[in-house]
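On a predicted model such as this, the values are computed, not experimentally measured, just so you know. When a ligand or atom number is given, it counts from 1 through the structure's own listing order. By convention here, the first residue in the shown sequence is residue 1.
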Amino acid sequence: MNDVVVAGGGLIGMSVAWRCAKKGLRVTVVDADPTQGAGQAAAGMLAPVAEATYGEERLLGLARASLKRYPAFVAELQQATGVDVALRTAGTLQVGFDADDTRVLDDLHAFHLELGLPAERLTPTQARRVEPSLTTRVRGAVRIPSDHSVDARAVRDALTVAARQAGATVLTTGVEALVTADGRATGLRLADGTTIAAGTVVLALGAWSASLPGVPPLPVRPVKGQILRLRRAAGLLDGTVRALVRGRAVYLVPLRDDQLIIGATVEEQGFDRSVTAGGVYELLRDAIEVVPGVTECELTETLVRFRPGTPDNAPLLGDSDLPGLVLATGHYRNGVLLAPVTGEAIAELIADGALPEAARGFGTDRFRERS
Ligand code: GLY
């Protein structure tokens with residue numbers, strides 16, 4: 001019998017599987033098609049500071065703990081698999097267009113300073129020195145040198161290779177239901193009619209986590225994101241640019257030598273898979289206002305995926321209400337960033353019986369505490 005079966009072979013599921021297998025646990029991961037997950041769309045931003053929001057300080061702590069792990073995580077992955085995951089360390093620039101955008105940047109920067117986060121206010125001229133392809137119409141900027149990016153698809157692929165190498169079995173079959181017996185989770189029923197039994201079931205199905213039959217009620221919902229990939233002209237951006245364009249948020253993330261990702265819509269539309277004219281138009285319109293050179297770039301891909309949202313935007317980590325079922329889901333906007341800390345923490349919980357300090361406080365009980 002398996003020690004662990006993981007439902008979901010995206011970045012989170014594979015990170016958990018890799019770390020569990022490295023601890024000597026017998027692991028099987030099941031996912032019919034991991035490219036359907038949010039990691040396929042993710043721009044790969046490792047941006048705890050740029051994403052920091054008032055009231056989400058606990059999430060910020062977890063995000064920073066994971067960012068700290070990233071260089072070693074990437075080095076270990078690359079060494080184990082030979083896959084280059086294109087970690088980009090040019091930092092992030094946040095820019096604003098009008099007086100209201102600049103006021104938001106001021107507030108954000110005050111929050112950064114209050115928490116001692118690395119961020120520096122720049123004048124428009126200084127911002128254009130950092131990123132010469134920015135429009136001259138930028139009114140203000142904040143530079144965050146520590147917020148990086150990575151090729152999310154490559155990280156998922158590398159994790160899959162690494163998990164297999166460490167001994168995990170990876171099955172490309174659909175997961176149909178959680179199997180329970182005597183009030184505990186005992187395995188997964190698969191689309192081919194087989195059952196995988198395991199001592200622990202890890203739920204890492206992202207936006208689909210709450211819809212797997214047999215899973216107790218969970219506060220995870222799909223948050224639709226439309227995102228674009230373009231061919232990037234040489235010299236167009238060095239690091240990530242995140243902009244507020246008269247109150248609308250857009251980000252531009254260079255990837256490898258020749259790609260650019262522009263994202264993303266945030267829509268409460270359930271599992272609506274349509275790429276809309278309005279979504280693509282607004283992303284391109286705002287991106288071109290920020291970096292006019294985008295006009296010349298070839299549009300190569302438009303896609304929709306679903307972030308696993310939770311009521312407080314933070315993940316669900318650790319034991320669930322059902323014995324034997326462990327949660328590794330609800331990573332919302334931060335799945336790529338949180339993959340290292342999640343993998344480590346869940347493996348530690350399963351192997352040693354307790355979550356490490358950094359990952360405590362993210363159980364479902366926090367929602368009960370509030371009501
Ligand atoms: N992590 C950025 C997004 O979810 O759009």
Side-chain angles (χ1 to χ4, degrees), residues 10-12 15 36-53 56 59-60 62-64 66-67 70 85-88 91-95 108 144 146-156 206-209 220-230 237 239-245 247-255 259-273 275-276 278-280 282-284 286-287 290 301-315 329-342:
L11 283 106
I12 296 297
S15 183
Q36 295 305 312
Q40 184 70 4
M45 286 181 289
L46 309 175
V49 179
E51 291 270 343
T53 307
E56 293 184 2
L59 171 60
L60 173 66
L62 184 72
R64 294 193 82 201
S66 206
L67 181 66
Y70 239 97
V85 301
L87 177 66
R88 197 175 193 97
T92 293
L93 204 57
Q94 286 190 307
V95 302
L108 201 65
I144 304 166
S146 58
D147 277 8
H148 303 317
S149 67
V150 77
D151 183 339
R153 294 177 183 178
V155 173
R156 183 197 57 218
W208 289 270
S209 297
V220 179
R221 68 183 197 285
V223 181
K224 177 181 173 181
Q226 303 187 48
I227 198 156
L228 316 175
R229 289 189 178 222
L230 299 91
L237 297 183
T240 296
V241 171
R242 299 169 62 111
L244 274 178
V245 184
R248 298 181 307 265
V250 66
Y251 51 76
L252 300 92
V253 184
L255 172 67
Q259 296 169 60
L260 177 67
I261 301 180
I262 296 177
T265 66
V266 181
E267 303 170 63
E268 299 285 352
Q269 299 278 355
F271 285 108
D272 168 28
R273 292 191 165 271
V275 174
T276 63
V280 174
E282 282 172 20
L283 289 172
L284 285 176
D286 293 342
V290 182
E301 192 177 345
T302 59
L303 78 166
V304 168
R305 289 294 183 271
F306 305 99
R307 307 171 182 88
T310 65
D312 62 1
N313 302 330
T329 187
H331 292 74
Y332 189 41
R333 296 177 64 91
N334 290 300
V336 181
L337 171 60
L338 296 176
V341 78
T342 301

task = Please assess Glu268 against Arg221 for the test side-chain contact (heavy atoms from CB on, under 4.5 Å), listing each intermediate value before the final yes or no.
result = CA-CA 9 Å; Glu268 299 285 352; Arg221 68 183 197 285; 2.7 Å; yes
ask   = Can you tell me if Gln40 and Arg156 form a side-chain donor-acceptor pair at under 3.5 Å?
value = yes
query = Do Glu282 and Thr265 have side-chain atoms, one donor and one acceptor, less than 3.5 Å apart?
reply = no
inquiry  = What verdict does the side-chain contact (heavy atoms from CB on, under 4.5 Å) test give for Arg229 and Leu255, after you've listed the backbone C-alpha separation in whole Å, the side-chain angles of each residue and the deciding distance to 0.1 Å?
reply    = CA-CA 10 Å; Arg229 289 189 178 222; Leu255 172 67; 3.5 Å; yes
Steps toward side-chain contact (heavy atoms from CB on, under 4.5 Å) verdict (Val253, Leu260) = CA-CA 6 Å; Val253 184; Leu260 177 67; 5.8 Å; no
message = What I want to know is whether Asn334 and ligand 1 share at least one N or O pair that is separated by under 3.5 angstrom.
response = no
query = Is there a nitrogen or oxygen of Arg333 sitting under 3.5 Å from a nitrogen or oxygen of ligand 1?
reply = yes
remark   = Near Ala264 (heavy-atom distance under 4.0 Å), the atoms of ligand 1 are 5 (O)
query = Which part of Tyr251 is near ligand 1, with near meaning a heavy atom under 4.0 Å away: side chain, backbone, both or neither?
reply =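 It is the side chain that gets close, since no backbone atom is under 4.0 Å.
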ask   = To the nearest 0.1 Å, how far is atom 4 (O) of ligand 1 from its closest protein heavy atom, and which atom is that?
value =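 Heavy-atom neighbour on the protein nearest atom 4 (O) of ligand 1: Arg307 NE, 2.7 Å.
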